[in-house]
Amino acid sequence: MNKHHEPTGHTEDHQVTLRGPAELADALPYMLGYHPTDSVVMVALHGSRGRFGGRVRLGIPHSPNEWPPVARQLAQCLIEGGGRRGKRPDGIVLFLCQDPADGESPRRVMERLRPFAQRLRAACGALDVPVYEALCISGGRFWSYCCPDERCCPAEGNALAVSGTSVMAAAAAYAGVQVRGSLRDMEARFEPLTSQAAGDQRKALDRVAAAVVPRILDREGRRRVAEETIALAHALMARFAGAPSGPDRLAADRADDLLITHDEAAAVILGLQDRQTRDRGAEWMEGPEAETALRLWRALSRRCVGPYAEHAAAPLTLAGWVSWSVGDEPAARVALGLALSRDPEYVFARLLHQACNDGLDPELLRDSLRAEREGRRTQEAGPGRGEQGGVRVPGATAGRRGGTRARRRPAAAGRAPRPARTRPAGTRGNGRRRGARSGQEERRSGRR
């Protein structure tokens, strides 16, 4: 690695200078808060000392045909997006992380991904920002795509440092920074129910939708559905508060699932498709409410099964917002990325994801939501404040493969026309969207 550009990592108020590919590879989980799996990660560097700045993470597309456009979009998102906010990077560090498939060696993974790394480096170079280091991490080893010196970067790669023994690990431990398993483990907490429970939940969603949709097409009916949704969600949070969760996350999630009936989950999920109702749910963002709200949003995300998968965008976005509001940025990025994998055009998730990745202060949005709540409390009667929120109506039109595309009113929930046909920075490994970072000019995160 070019020693004139040794990145400086930050853990809270502590600075750590990283020298060489080995220390960069070891630092990646501490920068993200988890071990990325099946991901490309790009980190901006600023100044002569290479201070870490913004970052983007994307699931690696399986098809090499997607690599050229994805490389361009990632580079534009990180470089041009940062430039519009006055934070254009001076350099970039690139990571490609993927475990070997059955029968595949880690070195084979590195060679297979080499063209993708070259596309990413070329895309950044086309925008006049150099990639100082590009690493492939696979099977407990790492390789540099930039260093040709066999003495430090041999063809068989180098073993990653033993966990907890590096300078970054020591600094992170001192600063209280934790690495919470893999990205796959964190995403599993939001995965839809399976087997018989999924079938029962889908029937409940169909049944409740048939009763709720006619009501929300009427102005007064919509208002009443919104009030019923908020009241039911608040009651479920109180139920959670009476059943504290344990340290085992998966066991805690299973216990939470048992506290909500299928019909209750369906009613809140469908009610949250109204933007104003969703925004009222976002007000449970701090204090004791935040913990129970986060448990509720996770549980509802797991109930969005089958053709209702896109409906998870609302509870996933709320989970991401609460996590960000209470200072858990890694969990926020995961939840918001999943929201955008369900619905790449979900504007609230896109704006929150961008703001979180840019390191903005969530207090701006908290202030806005507090003001909305106080204003509503002081108005005993009167029309709703702000723009009418649209509603996602389940079902009848033909959709994409694997489900149906819901019919929407012109002002669909959480949506706005996109300024250009851009693909959000985030896909699953099979080509599905995995998360998004818009390259458009940053807006205030409190505006939807």
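Keep in mind that this is a model prediction, so the values were computed, not measured.
Using modelled atom types, no side-chain atom of W143 and backbone atom of R107 make a donor-acceptor pair closer than 3.5 Å. The closest donor-acceptor contact from the side chain of Q273 to the backbone of H311 lies under 3.5 Å. Checking side-chain atoms of S341 against main-chain N and O of L338 turns up a donor-acceptor pair under 3.5 Å. The backbone N or O of R223 sits nowhere less than 3.5 Å from a side-chain atom of E227 that would complete a donor-acceptor pair.
The side-chain heavy atoms of W324 and L336, taken from C-beta on, include no pair separated by under 4.5 Å. Put simply, the side chain of T317 does not reach to within 4.5 Å of the side chain of W297, judged on heavy atoms. Counting only heavy atoms from C-beta outward, the side chains of R302 and D253 approach each other to under 4.5 Å. Between E156 and R141 there is a side-chain heavy-atom pair separated by less than 4.5 Å. Using a 4.5 Å heavy-atom threshold, the side chains of P69 and R72 count as touching. For the pair T37/C97, no side-chain contact is recorded, criterion being any heavy-atom separation below 4.5 Å from C-beta on. Contact annotation: the side chain of H234 approaches that of W284 to within less than 4.5 Å [non-hydrogen atoms, C-beta and beyond]. Between I79 and I92, the closest side-chain pair of non-hydrogen atoms falls below 4.5 Å.
A 6.0 Å sphere centred on CZ of R280 holds more than 12 heavy atoms belonging to other residues, nucleotides or ligands. Atom CD of E291 sits in a sparse spot, with 12 or fewer heavy atoms from other residues, nucleotides or ligands closer than 6.0 Å.
Each of I230, T277, I216, L270 was evaluated against V225; a single residue qualifies, I216, per the side-chain contact (heavy atoms from CB on, under 4.5 Å) test. Just one of R366, R376, R278 meets the salt bridge (charged side-chain N to carboxylate O under 4.0 Å, His left out) condition when paired with E283; it is R376.
Using a 3.5 Å distance cut-off with no hydrogens or angles, the side chains of S325 and E286 do not pair a donor with an acceptor. Side-chain contact of E66 with S63: a donor-acceptor pair under 3.5 Å is absent, judged by distance alone. With no hydrogens or angles considered, a side-chain donor-acceptor pair links Q98 and R112 at under 3.5 Å.
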| Audit row: L183, R57, side chain to side chain contact (heavy atoms under 4.5 Å, CB included) steps and yes/no | CA-CA 11 Å; L183 173 63; R57 189 206 63 82; 3.5 Å; yes
| message | Run R184 and E191 through salt bridge (charged side-chain N to carboxylate O under 4.0 Å, His left out) and show every step you take. | response | CA-CA 10 Å; R184 190 176 296 112; E191 290 300 313; over 6 Å; no
| Criterion side chain to side chain contact (heavy atoms under 4.5 Å, CB included) on R342 and C304, from CA distance to verdict | CA-CA 10 Å; R342 303 296 195 273; C304 295; over 6 Å; no
| task | Mind running side chain to side chain contact (heavy atoms under 4.5 Å, CB included) on L318 and L272 for me, showing each step along the way? | result | CA-CA 10 Å; L318 290 170; L272 289 175; 4.1 Å; yes
| request: Run the numbers on Q276 and D279 for side chain to side chain contact (heavy atoms under 4.5 Å, CB included), then give the verdict. | output: CA-CA 5 Å; Q276 289 182 330; D279 289 354; 5.6 Å; no
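Summarising the geometry, atom OG belonging to S39 is positioned 8.0 Å from atom CG belonging to L32; distances are rounded to the nearest 0.5 Å. The CZ atom of R249 sits 9.0 Å away from the CG atom of D185 when rounded to the nearest 0.5 Å. Put simply, CD on Q201 and CD1 on I269 are 5.5 Å apart, with the number rounded to the nearest 0.5 Å. Interatomic distance, CG of L120 versus CG of L96, reported as 6.5 Å (0.5 Å rounding). The OH atom of Y145 sits 8.5 Å away from the CG atom of L94 when rounded to the nearest 0.5 Å. Taken from NE2 in H262 to CG in D257, the straight-line distance is 9.5 Å, to the nearest 0.5 Å.
Ion pairing between D367 and R370 holds under the 4.0 Å rule for side-chain N and carboxylate O. With respect to R224 and E228, no salt bridge is recorded, no charged nitrogen being found less than 4.0 Å from a carboxylate O. Of the charged side-chain nitrogens involved, none lies within less than 4.0 Å of a carboxylate oxygen, so that E111 and R108 do not count as a salt-bridged pair. Looking at R298 and D256, no side-chain N of the basic residue comes within less than 4.0 Å of a carboxylate O on the acidic one, giving no salt bridge.
Shortest non-hydrogen contact noted between A204 and D263 is CB-OD1, 3.3 Å. Residues A267 and L232 approach most closely at CB-CD2, 3.8 Å, considering heavy atoms. When every heavy atom of Y132 is checked against every heavy atom of L45, the shortest pair comes out as CD1-CD1, 3.5 Å. Considering every non-hydrogen atom in both E133 and P21, the closest pair reads OE2-CG, 3.4 Å. The two residues F240 and T292 come nearest to each other via the heavy atoms CD1-O, 3.8 Å. Residue V322 comes nearest to A290 through the heavy atom pair CG1-O, 3.5 Å, listed as atom of the first residue, atom of the second, then distance.
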